[in-house]
A.B. asks: 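There's a structure below that I have some questions on.
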Amino acid sequence: MADRHPLFKPLIFVGGLIFGFGLGFSHMARPEVVLNFLQFDDLGLPFVMFGAAIVSGVAFALLPRIRDAAPLTGTPYERRLKPFDRNVLVGGAVFGVGWGLSGICPGAAYASLGVGNITILWALAGMFLGAYAQGYWRSHSRARDTVPASGD
Amino acid sequence: MVADPVLLQAVAELFPNGISRYAVGGLLVGLGTVVIYVGTGIPAGASTFLESTLSYVSGQSRFQRYVGSRDWRLVFTAGIVLGALAFAATVQSGAVTTSLYEPGTTGRLYEVAGVTLWTTDVQPWRLFSGGILVGIGTRIGKGCTSGHGVCGVGSASKTSLVGVLTFLTVAIGTAQVVAALGVSP
């Protein structure tokens with residue numbers, strides 16, 4: 001979209017900087033610390049995830065009352081609501097096995113690279129491979145669903 | 001009010017690294033989300049970057065729906081990496097000190113050009129195979145710890161609450177089994 005506001009990408013970048021700094025500061029960029037939570041050795045992780053959710057939740061609740069739309073995009077302020085279906089459970093369970101095995105999730109993996117964790121490239125390679133596999137599968141199953149069977 | 005020392009001891013054992021680094025880090029993660037939302041109305045998650053970036057190199061139809069957002073998602077992710085690098089160059093390197101930050105003892109520290117960097121001891125096979133499942137699961141499940149866990153829960157979305165409970169429960173079970181099998185780190 002070429003007609004976006006000139007500050008659109010700079011603002012996204014600044015948001016990403018703060019987000020990444022926070023992931024580094026909270027040690028969520030360290031797979032060991034996430035695994036320590038999942039094994040109940042250090043219960044710090046919920047302070048990160050729910051602390052962040054409370055901060056964003058205040059903004060999500062207040063902004064629609066203050067303004068109708070965002071200044072840089074004209075996008076109306078809406079909550080992040082996704083439709084529920086079986087995929088949320090299936091995907092969540094697959095993600096959960098991966099998270100419990102490795103201690104990494106997407107945002108924390110990018111931040112991990114930033115704190116110097118070269119070994120995390122294994123996880124990033126795996127994530128792209130997994131995302132590609134599901135995209136390949138869904139592209140083709142969708143084609144089967146939507147293209148009517150024909151004789152060609 | 002007199003605090004029970006036995007209770008305090010028990011609580012301290014659950015938080016061997018204190019809670020301030022987690023609380024402050026979480027507030028910053030939330031603040032980064034809010035900055036983007038205030039300006040753009042976008043509740044940004046980190047995992048869509050995987051599919052949107054694949055749209056540059058793959059013609060699979062599934063990835064084409066993210067062509068419109070792939071540029072800013074690349075910028076967002078570059079910001080995350082560089083924000084973490086800024087943390088490494090300041091707090092992790094000791095150039096900036098604060099009582100809110102507990103350094104921790106996991107992994108290994110090394111230095112490049114005066115910046116203290118950190119790398120994990122978790123074995124590559126765990127990272128790689130876990131990464132594959134994370135890549136599949138977050139995309140099928142419509143979100144990850146930031147999309148569902150931060151933006152979705154912040155939106156009081158029932159779908160996201162169910163998503164978070166699902167991956168949290170399964171991850172705890174998986175990590176317990178892996179630890180019980182003697183895999184470390």
Side-chain angles (χ1 to χ4, degrees), chain A residues 9 11-13 15-22 24-26 31-32 38 43-44 47-49 51-53 55-57 59 70 72-73 75 79-82 84 91-102 105-107 110-111 114-117 122-123 126-127 130-131 134-135 138-139, chain B residues 14 22-23 25-26 28-30 32-36 39-41 43 46-47 50 60-62 75-76 79-81 83-85 87-88 106 117 119 122 124 127-128 130-137 139-142 144-146 149-151 153-155 157 159 163 166-167 170-171 174-175:
Chain A
K9 280 182 186 166
L11 185 87
I12 297 268
F13 183 68
L17 283 178
I18 301 170
F19 193 96
F21 192 97
F25 195 95
S26 66
E32 284 93 331
L38 297 173
L43 302 191
F47 283 87
V48 183
M49 196 158 71
V55 173
S56 66
L72 301 188
T73 55
T75 306
R79 293 151 69 211
R80 183 190 183 278
L81 302 175
K82 298 222 169 179
F84 181 80
V94 175
F95 173 35
V97 174
W99 199 31
L101 185 61
S102 63
C105 58
Y110 318 146
V115 299
N117 189 2
W122 285 103
M127 289 193 316
Q134 74 83 33
R138 289 175 101 180
S139 297
Chain B
L14 297 175
Y22 298 114
L28 289 172
V29 170
T33 308
V34 169
V35 164
I36 291 172
T40 68
S47 62
L50 300 170
Q60 296 294 326
S61 61
R62 171 74 192 176
V75 172
F76 179 47
I80 295 175
V81 175
L85 179 61
F87 158 77
T106 53
L117 299 172
T119 195
V122 174
L127 298 173
F128 185 64
I132 291 174
L133 295 171
V134 166
I136 296 172
R139 299 297 69 226
I140 292 177
K142 306 177 188 184
C144 61
T145 33
S146 57
V150 177
C151 293
V153 169
S155 299
S157 154
T159 298
T166 306
F167 64 64
V170 173
T174 304

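We name chains A, B, ... by the order of the sequence lines, and we start the count at 1 in each one. For the numbers below, each heavy atom of this structure counts, side chains included, while hydrogens, waters and symmetry mates do not. What you are looking at is a predicted structure, and each value in this text was computed from that prediction instead of being measured.
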A.B. asks: Do you know which of Phe21(A), Trp99(A), Phe84(A) has the most heavy-atom pairs with chain B at a distance under 4.5 angstrom?
C.D. replies: Phe21(A)

A.B. asks: Just give me the residue among Gly98(A), Gly57(A), Ala59(A), Gly51(A) that pairs up with chain B most often, heavy atom to heavy atom, under 4.5 Å.
C.D. replies: Gly98(A)

A.B. asks: So which of Val153(B), Val134(B), Thr166(B), Leu117(B) has the biggest tally of heavy-atom pairs under 4.5 Å with chain A?
C.D. replies: Val134(B)

A.B. asks: Below 4.5 Å, heavy-atom pairs only: which of Ile12(A), Leu11(A), Thr75(A) has the largest tally toward chain B?
C.D. replies: Ile12(A)

A.B. asks: Highest number of heavy-atom pairs under 4.5 Å with chain A: which of Gly25(B), Ala84(B), Gly30(B)?
C.D. replies: Ala84(B)

A.B. asks: Hey, what do you get for OG (Ser139(A)) to CD (Gln60(B)), rounding to the nearest 0.5 Å?
C.D. replies: 4.5 Å

A.B. asks: If we define contacts as heavy-atom pairs under 4.5 Å, which of Gly107(A), Ala131(A), Pro31(A) has the most with chain B?
C.D. replies: Ala131(A)

A.B. asks: Taking every heavy-atom pair that is under 4.5 Å apart, which of Gly116(A), Ala111(A), Gly135(A) has the most such pairs with chain B?
C.D. replies: Gly116(A)

A.B. asks: Specify which of Ser146(B), Gly163(B), Cys144(B) makes the most heavy-atom pairs with chain A at under 4.5 Å.
C.D. replies: Cys144(B)

A.B. asks: Closer than 3.5 angstrom, by distance alone: can the side chain of Ser56(A) be matched with the main-chain N or O of Val150(B) as a donor-acceptor pair?
C.D. replies: yes

A.B. asks: Can you tell me if Tyr22(B) uses its side chain to pair, donor with acceptor, with the backbone of Phe25(A) under 3.5 Å?
C.D. replies: no

A.B. asks: Tell me, out of Leu28(B), Ile136(B), Val35(B), Ile80(B), who's got the most heavy-atom pairs with chain A below 4.5 Å.
C.D. replies: Ile80(B)

A.B. asks: Counting heavy-atom pairs under 4.5 Å to chain A, which of Ser47(B), Gly141(B), Ala23(B), Gly41(B) comes out on top?
C.D. replies: Gly141(B)

A.B. asks: Does Thr73(A) use its side chain to pair, donor to acceptor, with the backbone of Thr40(B) at less than 3.5 Å?
C.D. replies: yes

A.B. asks: Against chain A, work out which of Gly137(B), Gly135(B), Gly154(B), Ser155(B) has the most heavy-atom pairs shorter than 4.5 Å and name it.
C.D. replies: Ser155(B)

